[in-house]
Amino acid sequence: MVRTLAPHLAGRRIVSARFTSRFVTPGDRNKLVRRVTGRTIESVRRRGKFILIALDRGAFAIHLGMTGKLLVDGNENAHTRGVFVLDRGVLMYQDSRQFGRIEWGAARASRLGPEPLEIGLEEFIACLRTRKAHVKPLLLNQAFLAGLGNIYVDESLFLAGIHPLSTASRLTRTRAARLHQVIREVLTLAIEHKGSSISDYVDADGNRGDFQILHRAYGREGEPCLHCGTPIRKITVGQRGTHFCPKCQKR
DNA sequence: CTTAATGTTCCCCA
DNA sequence: TTGGGGAACATTAA
């Protein structure tokens, strides 16, 4: 999202803004409008799942939640929750479920764990060793590691051959190292494929990603494991649908 | 009518 | 402080 968004937004001035959802923009929406109006966008970056938009004075953060979209020059519809009119073009926030957020400042993004593509092997192993939580919920915990969501955790655990209910601290060094490596591989490949578009996700130009074609576990319940042919099983872990191969992923 | 969905936070309890 | 379990938030689609 940031890779398609940044070229459109860098250097643009926000001429006006309006927000229409008390969920997406909690608190004083007029205050947010006043703070962004007239400002110039200096950079668009990512930290974990947050999109950070730095202005010539201050910054704001956008989280897409489950169904959020940021569209450049898109059409307004019933799910439009925010509009930024720029000196050239329009940035629109659409979100059917309204789980996403647009908030002033970067307070939330500062409480995140390390980036999965930046944390070193030894540090990753050391962090896992201190935690007695199940590995899947731990990887979804943004304060532990920033940016992995349900799809990429299931995909990573499948490639690492690790059961989602494994206790983090009890993973062998070899398996922890394998996990570190496959997380890097999954994310890198997914980014190359411009993300997973299951139902809603599109980039700033409205284009879908196609990494979902390469999913090996997520969404493949009942289909044969690509390694051993055993049907992929789906269970619930931490209230999230969890897909894994019962034969390849040992606890 | 029921369930589940790419997510996060809060509350209760151990 | 850690960790498990559940509810809540709001909408859509199967």
Side-chain angles (χ1 to χ4, degrees), chain A residues 1-2 19-27 46-51 61-70 77-82 93-103 106-113 116 127-158 164-171 183 186-187 189-191 193-204 207-222 232-243 251:
Chain A
M1 173 58 84
V2 166
F19 307 105
T20 55
S21 166
R22 68 186 177 91
F23 301 103
V24 171
T25 41
R46 180 198 60 78
R47 173 78 172 96
K49 298 179 189 174
F50 289 91
I51 297 162
I62 299 173
H63 193 300
L64 300 178
M66 299 270 256
T67 53
K69 302 178 183 185
L70 276 171
N77 65 19
H79 299 142
T80 300
R81 316 295 183 184
Y93 183 74
Q94 299 180 347
D95 191 345
S96 66
R97 290 178 73 180
Q98 303 178 80
F99 283 178
R101 297 289 181 269
I102 302 174
E103 289 174 319
R108 306 222 179 241
S110 68
R111 294 180 214 141
L112 297 172
C127 288
L128 281 176
R129 200 175 316 242
T130 66
R131 297 298 206 109
K132 292 181 176 171
H134 293 148
V135 67
K136 164 149 184 178
L138 186 62
L139 293 176
L140 284 173
N141 179 349
Q142 303 296 298
F144 178 77
L145 193 65
L148 289 191
N150 204 34
I151 291 174
Y152 299 112
V153 168
D154 279 5
E155 292 301 301
S156 297
L157 291 175
F158 174 82
L165 289 174
S166 301
T167 300
S169 61
R170 291 164 74 169
L171 291 174
I183 287 172
V186 165
L187 291 181
L189 190 61
I191 291 166
H193 284 262
K194 303 173 191 293
S196 303
S197 292
I198 304 292
S199 60
D200 293 278
Y201 173 72
V202 290
D203 67 20
N207 294 319
R208 293 163 58 86
D210 66 2
F211 187 67
Q212 67 278 5
I213 293 169
L214 299 180
H215 290 173
R216 296 165 166 96
Y218 185 88
R220 296 195 64 242
E221 180 186 14
I232 296 294
R233 189 171 296 170
K234 184 180 176 192
I235 62 175
T236 298
V237 176
Q239 294 182 298
R240 308 301 302 276
T242 297
H243 316 71
R251 210 164 159 169

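Chain A is the first sequence line, chain B the second, and so forth, proteins listed ahead of strands; every chain is numbered from 1.
OP1 or OP2 of B/dG7 sits under 4.0 Å from a side-chain N or O of A/R240. Between A/K234 and B/dA5 there is a side-chain N or O to OP1 or OP2 distance below 4.0 Å. Within the structure, every side-chain polar atom (N or O) of A/Q142 is placed at least 4.0 Å from both OP1 and OP2 of B/dG7. At C/dC9, none of the side-chain N or O atoms of A/R22 fall inside 4.0 Å of OP1 or OP2 (strictly under the cut-off). Phosphate proximity of C/dG4 to A/K132: absent, as no side-chain N or O sits under 4.0 Å from OP1 or OP2. Listed pair A/H63 / B/dT8 meets the phosphate criterion, a side-chain N or O lying under 4.0 Å from OP1 or OP2.
Within 4.0 Å of A/T67, counting heavy atoms only, lies no atom of the nucleic acid at all. At a threshold of 4.0 angstrom between heavy atoms, the contacts of A/R131 are confined to the sugar-phosphate backbone, with no base atom among them. Here A/R108 lies in heavy-atom contact (under 4.0 Å) with sugar-phosphate atoms only. When heavy atoms are screened at a 4.0 angstrom cut-off, A/I198 is found touching base atoms of the nucleic acid. Residue contacts for A/G241: at a heavy-atom cut-off of 4.0 Å it reaches the sugar-phosphate backbone alone, with no base atom in range. Contact annotation for A/D200: base contact, defined as any heavy-atom pair under 4.0 Å involving a base atom.
Side chain of A/R108 to backbone of A/H63: no donor-acceptor contact under 3.5 angstrom is found.
For the pair A/N150 CG and B/dT8 C1', the computed distance is 13 Å after rounding to whole Å. When the P atom of C/dG4 is taken as reference, atom CG of A/N141 falls 11 Å away, rounded to whole Å.
For B/dT8, the base is not stacked against the aromatic ring of A/F99, per a cut-off of 5.5 Å between centres and 30° between planes.
Nearest heavy atom pair, residue A/D95 against residue A/Q98, reads OD1-N, 3.0 Å. Considering all non-hydrogen atoms of both residues, A/G82 and A/F19 come closest at CA-CD2, 3.8 Å.
Between the side chains of A/H215 and A/S196, at least one donor N or O sits under 3.5 Å from an acceptor N or O.
Side-chain proximity of A/Y218 to the nucleotides C/dA7, B/dG7, B/dA5 is greatest for B/dA5.
Atom NZ of A/K194 is separated from atom CG of A/N207 by 8.0 Å, given to the nearest 0.5 angstrom. From A/S169, atom OG reaches atom CZ of A/R131 across 10.5 Å, with rounding to the nearest 0.5 Å.
The gap from the C1' atom of C/dG4 to that of B/dA5 amounts to 23 Å, rounded to the nearest Å.
Ion pairing of A/D154 with A/K136 is present here, as a side-chain N (NZ or NE/NH1/NH2) and a carboxylate O approach within less than 4.0 Å.
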Distances under 3.5 Å only, N/O to N/O: pair up the protein atoms with those of nucleotides 12-14 of chain C.
residue	atom	partner	partner atom	Å
C/dT12	OP1	A/H79	NE2	2.9

